[in-house]
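Just so it is clear, the values below take in all heavy atoms, side chains as well, and ignore hydrogens, waters and symmetry mates. The structure presented is a predicted model; accordingly, all values stated were derived computationally and were not measured.
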Amino acid sequence: MKTNKFFCLSALAFAAGAIMISCNDDDDSKPLPMPDPQKVSFVVTSSDPASDLAGGAFLKVFSDLSTEKNDQSVYNNTEATTKSYDSFTQVTYNSQSGVFTGYIYARGASAQGIGEKKAGLRSYKLNNGIMTELAAPVLTSAFGNTGVFGTYSYAAQISKPYAMVIDKDGKGTNIELSLPKYAIDGTNPGISNIVDMGNNQVAIVLNYANRDSAAVAFADYNLGITKVIYSNKVGTSVGAWRSVRYTQSGADSEGNVYVFCGNSKDGKKVGAVRIKKGTTEFDSSYKFDIFAKADGYRFRKAFHISDDKFLLEFYTDKTKFGNMDASGKMAVVDMSEQSFAWVSGSEYLDGSAAAGSVGWGDGYQGYFYLPVNPAKGSTATPTIYKINATTGVAKPFMTFKSTDLLKAIAIFK
């Protein structure tokens, strides 16, 4: 998940094929207070509803998180927008480096962009209200999950031990992790998420195809692994929709890391475990039994909102929780109190109606902003919902014209 802090920027230098990190990255500075929501800018990414991945993407910057906005337009809008010929399946924003990255699945690449059937990453920075591209697009082979740590953004491969890491200037290098060293019964682990722990340390959440348990590797910002820990309290921590991988882990605002399991066949393993800030072991006194709280539903995604609250996206059928099964029933969980609240206020978020698609959201000061596209044939409009993490109530924050297919919102913290 994102580390919502402002830190001093560090430089990334390339030497002997590895990333060497400045010692300044070890400075665990205290975060500055977040600006008032009225003064916050954010970027909305949109594609073409008719062609989706074949139509490229547009990025438009807006301001003020406190005011509702209606009948907006991003795709093919010539007013203060940035165009990418390539489409994005995922996006990230790194608040430390100020880098926004769009991740291009091969099906989203175009001949006018990076080239057909090629995967890659395009990175941008906010410049006078416009998203300005950094360097040239970085090509990579197939990737699954994406994220940020330190001043870097990354895309991890699904079945191979590689992560493409992007620096503050939009330049990339492919890092090979020592995951084969930690194979179990001949099966190498895959990367589910890389969680920033600060002080030049990350928690790399792993998954094994032959095991239903949690695994976390600890490493520095060079992704050099020093230790791996395991827990049988929960199952495998990874979510998926086709070839996209979703995080089921993240750090809260205090730096505690939570590792979720959302789709274990064993309901007793659907829940979360904790690694307390400053430690490299699972907290033996902690397990959150989310399966019981959710009345037997399982979930696909877990995203940090703020403080110690997370948004979970559940499957809509208790008996169907596979790679291709429908999800979209949302809930808010408080990790310290182990409380649970289903999201209400929208048929697309309470599971009573199927959305066409749910985009990549972002959290800020007790609210989560989530883009939702209506199903084909619906008279509803694409909408970014504002979910209250205290009450679980969702309200429309922004509505868009039917010519938009909302992909993501990223808040400039």
Side-chain angles (χ1 to χ4, degrees), residues 1-3 12 14 17-19 45 53 57 59 84 86-110 113-115 117-125 133-179 188-196 202-207 217 219 221-223 225 237-250 301 303 359-360 362 407-408 410:
M1 300 310 301
K2 299 173 184 172
T3 304
L12 178 64
F14 296 89
I19 294 180
T45 305
L53 291 178
L59 293 76
S84 166
D86 303 305
S87 298
F88 305 138
T89 58
Q90 295 134 282
V91 306
T92 58
Y93 175 69
N94 189 314
S95 61
Q96 294 188 41
S97 64
V99 173
F100 172 92
T101 301
Y103 299 84
I104 308 162
Y105 176 48
R107 286 182 55 201
S110 73
I114 62 173
K117 298 183 179 180
K118 292 183 179 179
L121 301 81
R122 287 186 181 274
S123 294
Y124 303 80
K125 278 192 176 181
E133 190 164 7
L134 299 173
V138 174
L139 298 181
T140 185
S141 51
F143 60 86
N145 75 291
T146 61
V148 300
F149 62 90
T151 55
Y152 312 106
S153 307
Y154 78 89
Q157 292 193 28
I158 295 176
S159 57
K160 296 181 180 179
Y162 291 91
M164 176 60 72
V165 177
I166 305 298
D167 70 3
K168 63 183 179 64
D169 297 315
K171 298 178 181 179
T173 192
N174 203 31
I175 300 178
E176 181 177 7
L177 284 71
S178 60
L179 296 181
N188 295 333
I191 301 170
S192 297
N193 192 20
I194 301 177
V195 183
D196 193 353
V202 296
I204 305 174
V205 182
L206 305 175
N207 64 84
Y221 285 174
N222 297 322
L223 304 186
I225 297 173
S237 179
V238 65
W241 169 253
R242 298 184 178 180
S243 62
V244 177
R245 295 297 180 267
Y246 297 107
T247 59
Q248 291 189 351
S249 52
K301 305 175 189 175
F303 295 122
W360 294 83
D362 204 354
K407 287 294 184 180

At what distance, to the nearest 0.5 angstrom, does [atom1] of [X] lie from [atom2] of [Y]?
| X | Y | atom1 | atom2 | answer |
| --- | --- | --- | --- | --- |
| I104 | L139 | CD1 | CG | 8.5 Å |
| T151 | D167 | OG1 | CG | 7.5 Å |
| L59 | T45 | CG | OG1 | 4.0 Å |
| N94 | K168 | CG | NZ | 12.0 Å |
| Y246 | Q90 | OH | CD | 7.0 Å |
| I204 | S249 | CD1 | OG | 11.5 Å |

Please name all residues satisfying side chain to side chain donor-acceptor pair (under 3.5 Å) with [X], sequence neighbours left out, ordered by chain then number.
| X | value |
| --- | --- |
| S153 | none |
| S123 | T101 |
| Y103 | T92 |
| S141 | Q157 |

Please enumerate all residues that pass side-chain contact (heavy atoms from CB on, under 4.5 Å) together with [X], with sequence neighbours excluded.
| X | result |
| --- | --- |
| A203 | V195, M197, V216, F218 |
| E133 | R122, Y124, P137 |
| L179 | P161, L177, P189, I191, L206, I225 |
| T140 | A119, L121, F143, M164 |

Least distance between heavy atoms, [X] atom then [Y] atom:
| X | Y | value |
| --- | --- | --- |
| I158 | R245 | CG2-NH2, 3.8 Å |
| S87 | L53 | OG-O, 2.8 Å |
| D196 | G150 | OD2-N, 2.8 Å |
| S192 | N207 | OG-ND2, 2.7 Å |

Between Y154 and N145, a side-chain donor and acceptor under 3.5 Å =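 Result is yes, a qualifying pair exists.
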request  = For W360 and T89, indicate whether the former's side chain and the latter's backbone hold a donor-acceptor pair under 3.5 Å.
outcome  =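 The answer is yes, because a donor-acceptor pair under 3.5 Å joins these two groups.
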message = Test your reading of the model: is there a side-chain donor-acceptor pair from D86 to the backbone of I114, 3.5 Å cut-off?
response = yes
message = Could you go through V202 and Y221, starting from their C-alpha distance and side-chain angles, then the distance that decides it, and tell me whether this counts as side chain to side chain contact (heavy atoms under 4.5 Å, CB included)?
response = CA-CA 7 Å; V202 296; Y221 285 174; 3.7 Å; yes
message = Is there a side-chain contact between K171 and I166 in this structure, where contact means two heavy atoms from C-beta onward sitting under 4.5 Å apart?
response =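 A side-chain contact is absent here, since even the closest heavy-atom pair is not under 4.5 Å.
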message = Could you work out, with salt bridge (charged side-chain N to carboxylate O under 4.0 Å, His left out) as the rule, every residue matching K301, not counting sequence neighbours?
response =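 E313.
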request  = Output all residues satisfying ring-ring contact (aromatic ring centres under 6.0 Å, His included) with F88, sequence neighbours left out; order by chain, then residue number.
outcome  =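 Testing F88 for ring-ring contact (aromatic ring centres under 6.0 Å, His included), a comparison that skips the adjacent residues, returns none.
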message = So if I apply the side-chain contact (heavy atoms from CB on, under 4.5 Å) rule between T247 and each of V238, I194, V205, N193, which one comes out positive?
response =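 In the set V238, I194, V205, N193, the residue that makes a side-chain contact (heavy atoms from CB on, under 4.5 Å) with T247 is N193.
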